[in-house]
Amino acid sequence: AKADLHGAKMRVLKSKLPSIIGVSGYVLAESKSRFSIMTESREILQIGKIGSVFALRVDDSNYLVYGDQMTASSAGRFTKKLKSRSVELN
């Protein structure tokens, strides 16, 4: 699974920082360890990937993005194969 998430709308489902759970916005930039997300109120937040889970909607499908699996820059991910996980949603 190779992905470029720039411009994608995502929401934080799980994080080590409880204050950012539920935050949503558009991905402006991505580094090896964090996403820069612009919220609806035009605030730019730096959100760490390690220990975080994000929800991403593309067309009519929902996806979970595990930050731990995204710890390469977007350019570096194109050469790295990610392991798939099955998740049970309640």
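What's counted below: heavy atoms across the whole structure, side chains too, no hydrogens, waters or symmetry copies.
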In a table with atom names and distances, give each donor-acceptor pair under 3.5 Å that connects a side chain of residues 7-15 to protein atoms at least two apart or in another chain.
unit_1: Lys9; atom_1: NZ; unit_2: Glu40; atom_2: OE2; d: 3.2
unit_1: Ser15; atom_1: OG; unit_2: Leu17; atom_2: N; d: 3.1

Review point. Taking the six-membered ring where the residue is Trp, are the ring centres of Phe54 and Phe35 under 6.0 Å apart?
Key: yes
**Study point:** Any residue meeting side-chain hydrogen bond (donor to acceptor under 3.5 Å, both in side chains) with Ser33, in chain and number order, not counting sequence neighbours
**Key:** none
**Study point:** Where Lys49 and Met70 come nearest, the two heavy atoms and their spacing
**Key:** NZ-O, 2.8 Å
Point to revise | Contacts of Ser41 that satisfy side-chain contact (heavy atoms from CB on, under 4.5 Å) - sequence neighbours left out | key: Thr39, Glu43
Study note, to complete from the structure: The side-chain hydrogen bond (donor to acceptor under 3.5 Å, both in side chains) partners of Asp60 (sequence neighbours excluded) come to none
Revision key, fill the gap. To the nearest 0.5 Å, atom CG of Leu45 lies from atom OG of Ser24 at 10.0 Å
Check your understanding: With clusters built from Ile, Leu, Val, Met, Phe, Trp and Tyr whose side-chain heavy atoms come within less than 4.5 Å, directly or transitively, what are the remaining members of the cluster of Ile50, listed by chain and number?
Key -> none
Check your understanding: Same cluster or not: are Tyr63 and Val23 linked, directly or through other Ile, Leu, Val, Met, Phe, Trp or Tyr residues, by side-chain heavy atoms under 4.5 angstrom apart?
Key -> yes
Review point. With hydrophobic residues grouped by side-chain heavy-atom distances under 4.5 Å, do Ile20 and Val27 end up in a single group?
Key: yes
Exercise for review: Calculate, to the nearest 0.5 Å, the distance between atoms CD1 and CD1 belonging to Ile47 and Ile37 respectively.
Suggested key: 3.5 Å
Review point. For the hydrophobic clusters of this structure (ILVMFWY residues joined by side-chain heavy atoms under 4.5 Å, transitively), does one cluster hold both Leu5 and Leu28?
Key: no
Exercise for review: Give a yes or no on whether the backbone of Gly51 and the side-chain of Asp68 come within a donor-acceptor separation of less than 3.5 Å.
Suggested key: yes
